[in-house]
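Just so it is clear, the values below take in all heavy atoms, side chains as well, and ignore hydrogens, waters and symmetry mates.
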Amino acid sequence: MDGESGGHSAAAACHNEGVPIPSTIPDGAAPRFVLVATHAEGDSGVFDVHELRGEDPRTAQPSQKESLREGQEPAEESPAGVVLILDEALRPLTGPLSFSYEDIGDLVTWAEARALRWVWESTRYWYGMFLTDGMTVERCWDLGLCRTILSSSPATAGGGYAADARDAPAGDLDAAAPAGPEPGAQGSLFAAPAPRGASAQTVGREFAAQRAAVPRTTAGRKLELLLAAESAGALIAAEIRATGMPWSTRVHRALLEDQLGPRPPEGHRPQKLERVVEELRAALGAPKLNPDSPQELLRALHRAGIDAASTSQWELADHEHPALEVLERYKKLSRLFTSNGWAWLAMWVRDGKFWPDYTVGGVVTGRWSARGGGALQIPATVRSAVRADPGCKLVVADASQLEPRILAAMSRDEALAIASTGKDLYQAIANRGFGGDRASAKIVMLGAMYGQTSGDAGRLMPQLAKTYPQAVGLIEHAAREGEAGRNVSTFLGRGSPGPDDAFAAARRAANSLDATPADQSRADSIARSRGRFTRNFVVQGTAAEWALCWLGQVRLGIRRQLPDLSSRIVFFLHDEVMLHVPADQADEVVRIVHAAAARATELVFRSDLVETPVTVAVVDSYDQAK
DNA sequence: CTTCGTTGCGCG
DNA sequence: AAAGCGCGCAACGAAG
């Protein structure tokens with residue numbers, strides 16, 4: 001794809017583009033990777049880009065330093081790091097080349113013109129720095145994220161990488177790093193997520209070890225796709241973090257005042273919430289009740305003759321009492337106030353943006369997690385505050401009924417694949433074996449993927465298994481493996497974590513000579529619990545892989561077809577993506593989002609028998625989507 | 001006083 | 001006693 005870049009020589013490119021070029025790159029060499037580290041081994045052999053440009057570094061103009069965000073300023077005059085240019089065989093085409101903050105732009109321009117892949121320990125760190133200067137890159141290899149995947153993947157070559165990584169004690173890797181392994185040794189050399197202290201040599205050895213861990217097999221092909229997708233996800237997470245999600249403080253405040261009343265003084269309830277509390281106290285005959293204490297509340301419920309075992313919504317739905325409607329209203333409003341009220345607004349919204357902080361691969365299944373502000377739990381009640389700028393639109397897309405479709409594709413279940421081609425997967429299932437009853441079809445399908453055995457889901461399972469033997473067989477097998485204490489893997493090769501200590505302890509107890517029936521049933525319970533986890537892991541994890549590929553294809557489509565980069569991904573939530581786009585680009589973005597979904601399915605499954613449609617809405621605010 | 005586990009509920 | 005999966009966050013309340 002980018003092998004064409006070998007066509008122009010480094011020297012020629014230097015003159016054509018007027019950017020610093022490592023003049024040591026021989027003519028005809030084909031650079032493929034830019035390896036980024038904080039320093040070289042020792043100080044010898046480090047060149048400065050200014051020297052290569054024939055400039056004196058002391059007089060070189062700091063071109064973009066001014067635009068760096070405050071607080072991110074590096075120590076004065078200190079270089080940001082070093083790069084090493086490598087070819088496909090990982091041969092260095094340059095010595096370690098030090099760059100400083102003001103050089104980043106030139107460096108990025110040079111590398112991007114050749115479609116090089118950036119190799120670094122942490123995308124969050126390095127790319128975050130690039131982005132503060134407004135520089136973007138197309139592709140990378142995030143060693144930290146890839147290490148996590150490779151360490152647990154059963155698909156690595158000979159399992160060598162996984163074994164080495166397991167041997168390294170988690171806390172000591174940083175300290176152990178300076179000693180380093182024998183040259184050529186494979187394995188994980190350092191694990192600190194921050195790239196501080198990693199030399200170009202160390203980073204290079206790690207990269208070589210990771211590439212060597214990917215076998216030249218079908219499993220290796222899939223693993224490579226996963227590593228690329230995870231790395232692309234890291235780029236996107238960094239870009240979202242730098243862009244922010246448009247958030248209208250005005251709309252949010254209006255919504256809060258409408259539902260809660262004026263903003264209360266610190267430590268007080270808003271008026272309207274206080275009024276509901278009074279109502280609740282009256283309805284329960286408990287004048288001093290603190291409704292925020294589940295214990296107090298439960299006692300008050302009992303005194304009022306409500307025989308509930310807990311105060312959860314689920315439980316209270318089964319009971320009849322005039323106070324319960326009031327309680328539900330209180331819980332809703334209280335939730336809004338405590339989790340997404342004025343305090344939240346002050347904490348997380350700045351400059352008209354909400355700033356999500358994603359952790360790529362933060363969930364064991366490969367889903368992203370997010371810290372701060374509950375970016376993955378934005379309640380429906382405040383979504384109207386997510387608004388496009390004037391002249392812009394939000395494009396909100398979600399992959400409908402994703403998990404059963406993923407199950408159909410990964411299990412190659414022909415009957416379920418056929419069901420995926422209609423408008424509504426659950427209706428199609430309902431029409432084959434469930435008398436057209438969509439609700440039942442949905443319950444049994446979800447129940448199968450989650451391991452539900454009770455109620456309708458359990459009762460209808462045999463029918464589902466008969467109709468879709470491949471699909472049900474796959475998840476049943478995953479469950480059996482988990483129950484036996486073994487690991488499972490997603491379609492692309494992300495391994496599940498092993499059973500925890502409780503699993504092993506319970507099994508030991510159940511197998512001991514003086515085991516009681518209680519020991520046995522406890523061990524069975526824990527084993528079934530792990531079975532439900534591994535059962536769900538394969539589907540949720542593979543769906544996350546598909547979503548990552550989808551997201552990556554959306555990003556690529558935008559970069560290639562709308563290269564002014566004014567259309568941006570601003571939010572991602574498991575199977576849903578939101579873009580903020582100029583209104584006149586909305587139609588094109590919608591096309592890109594659809595095409596990206598189809599492409600993701602081909603990439604992951606090498607088949608288009610299963611359909612993975614996405615529903616797309618072009619709206620002014622988030623609440624208008626679906 | 002801080003830390004930590006639990007409850008409850010938001011999201012997929 | 002068993003329990004449909006994966007998360008993060010606010011608040012409570014017990015423990016240190």
d(A/I149 CD1, A/S231 OG) to nearest 0.5 Å is 7.5 Å
The complete set of salt bridge (Lys or Arg N to Asp or Glu O under 4.0 Å) pairs with one or both residues in residues 476-499 of chain A, sequence neighbours excluded, reads A/E230-A/R494, A/E476-A/R480, A/E476-A/R535, A/R480-A/E483, A/E481-A/R486
Annotated structure of DNA chain C as dot-bracket, pair cut-off 3.5 Å, Watson-Crick or G-U only, | for inter-strand, is ....||||||||||||
ring-ring contact (aromatic ring centres under 6.0 Å, His included) pairs touching residues 305-325 of chain A, sequence neighbours excluded, are none
Under a 4.0 Å heavy-atom criterion, DNA chain B is touched by chain A from B/dG8 to B/dG12
What class does the angle between the rings of A/W344 and A/H252 fall in, given that below 30° is parallel, 30 to 60° is tilted and above 60° is perpendicular? tilted
* Crowded around A/K442 NZ? As in, over 12 foreign heavy atoms under 6.0 Å? -> no
Do the charged groups of A/D519 and A/R522 touch, with an N to O distance under 4.0 Å? no
So that I can tick it off, tell me whether A/R281 and A/E278 are bridged by a salt bridge, with the cut-off set at under 4.0 angstrom between side-chain N and carboxylate O. yes
Can you tell me if A/R412 has over 12 outside heavy atoms packed within less than 6.0 Å of its CZ? yes
* Asked: So A/T359 and A/W368, side chain to side chain donor-acceptor pair (under 3.5 Å) or not? Walk me through it.
  -> CA-CA 6 Å; A/T359 305; A/W368 294 7; over 6 Å; no
Could you check whether atom CG of A/D318 has more than 12 heavy atoms from other residues, nucleotides or ligands sitting under 6.0 Å from it? yes
For nucleotides 4-16 of chain C, 5' to 3', base contacts (B), sugar-phosphate-only contacts (S) and non-contacts (-) with protein non-hydrogen atoms under 4.0 Å give BBBSBSSSSS---
With a 4.0 Å cut-off on heavy atoms, is A/A448 in touch with a base, just the backbone sugar-phosphate, or nothing at all? nothing
Contact class for A/R530 (heavy atom, under 4.0 Å): base, sugar-phosphate, or nothing? nothing
Whole-Å distance, A/I526 CD1 to C/dA3 P, equals 13 Å
- Mind checking whether A/W348 and A/F354 have ring centres under 6.0 Å apart? no
Between the CD1 atom in A/I240 and the NE2 atom in A/H580, the distance rounded to the nearest 0.5 Å is 13.5 Å
Residues of residues 229-239 of chain A with a heavy atom under 4.0 Å from any atom of DNA chain B, listed by number, are none
Distance-only donor-acceptor check, side chains A/D514 and A/S512, under 3.5 Å: yes
